Amino acid sequence: MNNQNEKILIKASLFKMWELILVLITSSFAVVFLSFVINIAAYSASCNRFQEEAKKSILSLCYEIENYYTSKLNADEKPGEWSTMTPESYVNVNYYNVQIIVDGKEYTIEKAGRIWYECGIPYETLRANNQVPSGLLAPVMQEYKANYFKDNKAFLLLLAGILLSIGIIILCVIFFVIYIVCSYKDFVITNQKIYTKSTLGKTFEIPINAISKVSKAFKGIVIVSSTGTKKIVFIKNRNEVYKILVELLKYYRINAKAKS
């Protein structure tokens, strides 16, 4: 500024490169965290739904075992059967490794008969309370959870988050190039001129009376003048800068009309 009457009206606050990179890296971590949360929520919901379906199959199994046990218990007309085996023994043998079907897949319950017998709760009580012996439900749930990430698409959610993060890192590189090429280190508005200095070190002076139009851009301002079009990006206080530029243009236009 060589003119003593020239006064600085505002200095634009420009984003630094590290601030932009920090925002992008933070966004990357946020995407990974969000995908992880969604993955956990989907896993939890899937387990809850499967558990309810598994209970139905296990209740049917309990009903079958109870009927079988009752039939052996009432078989006192065949005393020969009791010489070596009790009803409990029959249940243990016949329901040792049992497979039940849940959602079209087979799940194995070891020692199902013994677990049912030790539980000692009648089928009607279990059904009324929507309960099953925990020893019967636990192995089914364990098998389901073990196969969940193998057979399901849950892993894809986490993978999508990682890929998005990689994409954001690539964006960091792109933003770095854009920043170097398009950004400015200084952006000063006086009552007579606009002074800018690019990141590459180039300086520009634009007289206010040479400006024909100003408009907002993404985090920046577009200045159209007789010397060309300049786009100043990454401005923190863009709205404030824009407002002052608009007021300056009005002031110069009013003065120009008054002189003419």
Side-chain angles (χ1 to χ4, degrees), residues 1-38 159-260:
M1 292 183 294
N2 300 320
N3 194 330
Q4 292 182 350
N5 295 324
E6 193 172 2
K7 296 179 181 179
I8 295 176
L9 300 179
I10 189 172
K11 288 185 178 181
S13 179
L14 303 171
F15 281 98
K16 305 299 182 184
M17 186 59 200
W18 67 267
E19 292 177 309
L20 295 172
I21 296 298
L22 181 62
V23 168
L24 290 170
I25 291 176
T26 303
S27 300
S28 177
F29 280 110
V31 168
V32 173
F33 178 75
L34 182 60
S35 65
F36 179 77
V37 170
I38 293 173
L159 180 62
I162 294 172
L163 291 176
L164 282 173
S165 299
I166 294 173
I168 291 175
I169 291 172
I170 294 173
L171 282 177
C172 287
V173 177
I174 295 173
F175 264 94
F176 178 77
V177 175
I178 294 173
Y179 181 85
I180 294 298
V181 175
C182 302
S183 67
Y184 291 82
K185 294 171 64 177
D186 296 306
F187 181 27
V188 179
I189 300 173
T190 72
N191 57 340
Q192 296 180 9
K193 294 181 180 181
I194 292 176
Y195 297 89
T196 63
K197 185 177 183 180
S198 70
T199 307
L200 297 175
K202 293 182 179 180
T203 57
F204 303 93
E205 294 183 10
I206 306 174
I208 299 298
N209 56 10
I211 298 174
S212 58
K213 182 182 177 182
V214 292
S215 60
K216 293 181 181 180
F218 175 73
K219 286 296 180 182
I221 290 175
V222 178
I223 301 171
V224 180
S225 68
S226 57
T227 59
T229 301
K230 297 291 180 186
K231 187 175 182 180
I232 317 296
V233 294
F234 306 129
I235 303 173
K236 293 181 182 179
N237 58 339
R238 181 195 64 178
N239 291 340
E240 187 180 356
V241 171
Y242 176 77
K243 183 179 179 180
I244 289 176
L245 276 174
V246 169
E247 290 176 352
L248 269 176
L249 285 179
K250 286 181 180 179
Y251 173 78
Y252 270 82
R253 285 169 183 169
I254 290 171
N255 282 349
K257 287 181 180 180
K259 290 179 180 179
S260 60

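Every value quoted in this text rests on a predicted model; they were computed, and no experiment measured them.
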If you compare all heavy atoms of Lys230 against all heavy atoms of Ile206, which two are closest, and at what distance to 0.1 Å?
CG-CD1, 3.9 Å
Rounded distance [0.5 Å steps], CD1 in Ile10 versus CD1 in Ile244:
3.5 Å
What pair of heavy atoms forms the shortest contact from Lys197 to Thr203, and how long is it?
CG-CG2, 3.8 Å
Grab the two heavy atoms, one from Ala217 and one from Lys231, that are nearest each other, plus how far apart they are.
CB-CE, 3.5 Å
Rounded distance [0.5 Å steps], CD1 in Ile235 versus OH in Tyr242
12.5 Å
Working to the nearest 0.5 Å, report the span between CD1 of Ile8 and CG of Asn191.
10.0 Å
Check side-chain contact (heavy atoms from CB on, under 4.5 Å) between Lys236 and all other residues, then give those that pass, not counting sequence neighbours.
Ser13, Phe15, Glu19
With Asn209, which residues qualify under side-chain contact (heavy atoms from CB on, under 4.5 Å), at least two apart?
Pro207, Tyr252
A side-chain contact here means heavy atoms from C-beta on lying under 4.5 Å apart; do Val241 and Ile232 qualify?
no
Straight-line distance of Leu245 CG to Glu247 CD, nearest 0.5 Å:
9.5 Å
Shortest non-hydrogen contact between Val214 and Leu249, atoms and distance
CG2-CD1, 3.8 Å
Smallest separation among heavy atoms of Ile208 and Lys193, with atom names:
CG1-N, 3.6 Å
Do you know the tightest heavy-atom contact between Arg253 and Ser212?
NH2-O, 2.6 Å
If you round to the nearest 0.5 Å, how far is CD1 of Ile221 from NZ of Lys216?
8.5 Å
In sequence, state the C-alpha distance, the side-chain angles, and the governing distance for Ile211 and Leu248, and then conclude on side-chain contact (heavy atoms from CB on, under 4.5 Å).
CA-CA 10 Å; Ile211 298 174; Leu248 269 176; over 6 Å; no
side-chain contact (heavy atoms from CB on, under 4.5 Å) against Thr229, all qualifying residues, sequence neighbours excluded
Val222, Val224
From Asp186 CG over to Tyr195 OH, what is the distance, rounded to the nearest 0.5 angstrom?
12.5 Å
